[in-house]
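What follows is a single structure, written as structure tokens, with notes after it.
Hydrogens, waters and symmetry mates are skipped; everything else that's a heavy atom, side chains included, is used.
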Amino acid sequence: MTEENTPENEQNEQQQAKIQAVRGMKDILPADHEYFTVVKKAVRHRCRQAGFRRISTPILENREVFERGIGDATDIVEKEMFCLESRSGKKLVMKPESTASIMRSYIENGMSSWSQPVKLYYIEPHFRYDRPQKGRYRQFWQFGFEVIGARDYSIDVQVILLSVKILEDLGIADRFELQINTIGTPEVRKAYEEALQNHFFGRERNLCEDCKRRLEKNPLRILDCKNEDCQILASVAPKFDDFLDQDSKDYYEKVKEFLDELGIKYNENKKLVRGLDYYSDTVFEFWDKNEGAQNAIGGGGRYDGLAEILGGQPTPSAGVAFGMERVISHLKEAGVQPPDKDKIHVYVACLGDLAKKKAVKILADLNDRGVHALGAMGKTSMKAQLRMADKFNVDWTIILGEVEVRENIFILRNMERGAQETFPLDDIVDKIVERVGEDNLDIYNIGE
RNA sequence: GCGACUGUAGCUCAGUUGGUUAGAGCGCCGGAUUGUGGCUCCGGAGGUCGUGGGUUCGAACCCCAUCAGUCGCCCCA
């Protein structure tokens, strides 16, 4: 006997190694989807009301879209992108966010010829090669909306308002604090960045490693660094307010004025600098009141310069994005219960093959009329089938045995009371619809 | 990318100073007189002790590596 043929090895061959999900990737199970559905509906509802139309961009983009759009010194581009290469050697990336993709699409599809501004919303998966943690996955969903092709503080405010409305609809608005700031126009920012660089040049040794790197490409973010030495140096750096031009100041004042008018509370945060380069003027984030900047659930702002960076005409725009998983974890913490749309109304229990044949037809007829019905799922005994009916928490169980089939009748059992009635089999669909109630039927018509 | 902690059935966890066939609760499947759920009782299935090496007469337990998760940093949704 050779070693390969021992019983032990045969067993090993049969038992395949378990395969697990890729790091940072999570299954969305039915129970999770109930929450996703709630969020998606809230988003769609509010976006449609405000005249937004849905867009989806491909998961794969050319790497340039984000290197140029987000900025190649940002953490997202430097170390958080899922990069891959096409067979012909093209540098591709799984989109880490949607704004740059949507702007690419806007330019490519000639949306500048649509009525301006173009209002778009999205609910899409995104990918970041980051270290997984709670509320931080390598594949995660974001919803967001963009108003492309107009510069008007009322737009910035409406974007914020829409965000607040969705959070209110979901019942979690009071868990967050809106942080706002202005980072000026691209021109002002550039001048300020140069002044900052001049300030920090020669004092690099006092900066942390990250900031030394930032100094070259994105000095603005040194101000946001949490390192103590960096903060000390930053505190004596040129003040942004001295560089901010009157137009941006007025713009920012108007944003605040309009927010006040709408009764939207906010916290002015001079240190708020978003991690994506394309922002200008208004920036904002929604922070967890308990955790602060940690795991912000959403953020956005104005990005007037993005279109040009991506090779389009000057196209001032503003938008916002939210993390679905983070929103959902707040829904769960807040005890928000999603409605049970998967509720089963009727279970069909059958005995014998003839009854089973009838049951399959009855199930199809009930489904057609909008009744959520289950049955004929491999259980044979009446006990097992009723137990299953109970597991699904149905209101009614149809009992169809050999006797009933022969006599062309069926038994209808009220599961809560345990009472049973007998009816002619021919009336079964109407009878069930009557008991379930027209209002509870699940009917979908295209075009309605 | 850095640091710390964790990893035993589908889930939540026991598992004594390393010592024979690894346990519980819940869940799942089935039974408790002939075709009837929930409660109760009884029974059953299900575990390469994350994975791979090493130390040892002997490892779920000790060591190393690796994978995954959680927390913190960084950053963001």
Expected rows: protein N/O vs nucleotides 69-71 of chain B N/O, under 3.5 Å:
| unit_1 | atom_1 | unit_2 | atom_2 | d |
| --- | --- | --- | --- | --- |
| G69(B) | OP1 | G24(A) | N | 2.7 |
| G69(B) | OP2 | R23(A) | NH1 | 3.2 |
| C71(B) | OP2 | K134(A) | N | 2.8 |

Under 3.5 Å, N/O pairs linking protein and nucleotides 28-31 of chain B:
| unit_1 | atom_1 | unit_2 | atom_2 | d |
| --- | --- | --- | --- | --- |
| C28(B) | OP1 | K391(A) | NZ | 3.3 |

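As judged by a 4.0 angstrom heavy-atom cut-off over every strand, E404(A) is placed among the base-contacting residues. When heavy atoms are screened at a 4.0 angstrom cut-off, V327(A) is found touching no nucleic acid atom at all.
Smallest separation of non-hydrogen atoms from R413(A) and G418(A): NH1-O, 3.4 Å.
The pair R369(A)-D430(A) counts as a salt bridge, with a side-chain nitrogen and a carboxylate oxygen less than 4.0 angstrom apart. With respect to K256(A) and E268(A), a salt bridge is recorded, a charged nitrogen being found less than 4.0 Å from a carboxylate O. Between E193(A) and K190(A) there is no salt bridge, since no side-chain N of the basic residue sits under 4.0 Å from a carboxylate O of the acidic one. Look at K95(A) and E124(A) and you find a salt bridge, because one of the NZ, NE, NH1 or NH2 atoms lies within 4.0 Å of a carboxylate O, short of that distance. The pair R138(A)-D130(A) does not count as a salt bridge, with every side-chain nitrogen at least 4.0 angstrom from each carboxylate oxygen. Using a cut-off of 4.0 Å between Lys/Arg side-chain N and Asp/Glu carboxylate O, D288(A) and R175(A) are scored as not salt-bridged. Using a cut-off of 4.0 Å between Lys/Arg side-chain N and Asp/Glu carboxylate O, K361(A) and D365(A) are scored as salt-bridged.
For RNA chain B, runs of at least 3 consecutive pairs of the Watson-Crick or G-U wobble type, with both hydrogen-bonding distances under 3.5 angstrom, map to B:1-7 with B:67-73, B:10-13 with B:23-26, B:28-32 with B:40-44, B:50-54 with B:62-66.
We find that NZ of K356(A) is positioned 16 Å from P of G35(B), with the value rounded to whole Å. Spacing between atom CG of D130(A) and atom C1' of C74(B) amounts to 8 Å, rounded to whole angstrom units. Going from atom CG of L386(A) over to atom P of U36(B) covers 8 Å, rounded to whole Å. Between R138(A) atom CZ and C75(B) atom C1' there is a gap of 14 Å when expressed in whole angstrom units. For the pair N414(A) CG and G38(B) C1', the interatomic distance rounds to 13 Å; values are reported in whole Å. One can place CG of D288(A) at 17 Å from C1' of C75(B), the figure rounded to the nearest angstrom. Atom CE of M81(A) is separated from atom P of G1(B) by 15 Å (rounded to the nearest Å). Per the geometry, CZ belonging to R128(A) stands 17 Å off P belonging to G1(B), to the nearest Å.
The cationic atom of K332(A) (NZ for Lys, CZ for Arg) lies less than 6.0 Å from the six-membered ring centre of Y35(A) and within 45° of the ring axis.
Under the salt bridge (Lys or Arg N to Asp or Glu O under 4.0 Å) criterion, K41(A) pairs with no residue, sequence neighbours left out. In this structure V65(A) satisfies the side-chain contact (heavy atoms from CB on, under 4.5 Å) test together with E61(A), A100(A), R104(A), sequence neighbours excluded.
When the C1' atom is compared between G31(B) and A45(B), the two are found 14 Å apart, to the nearest whole Å.
Within the 4.5 Å cutoff, no side-chain heavy atoms of I428(A) are placed close to those of K431(A).
Remark: the Q420(A) side chain and the U36(B) base include a donor-acceptor N/O pair separated by less than 3.5 Å.
Residues from residues 160-171 of chain A placing a heavy atom under 4.0 Å of any atom in RNA chain B do not occur.
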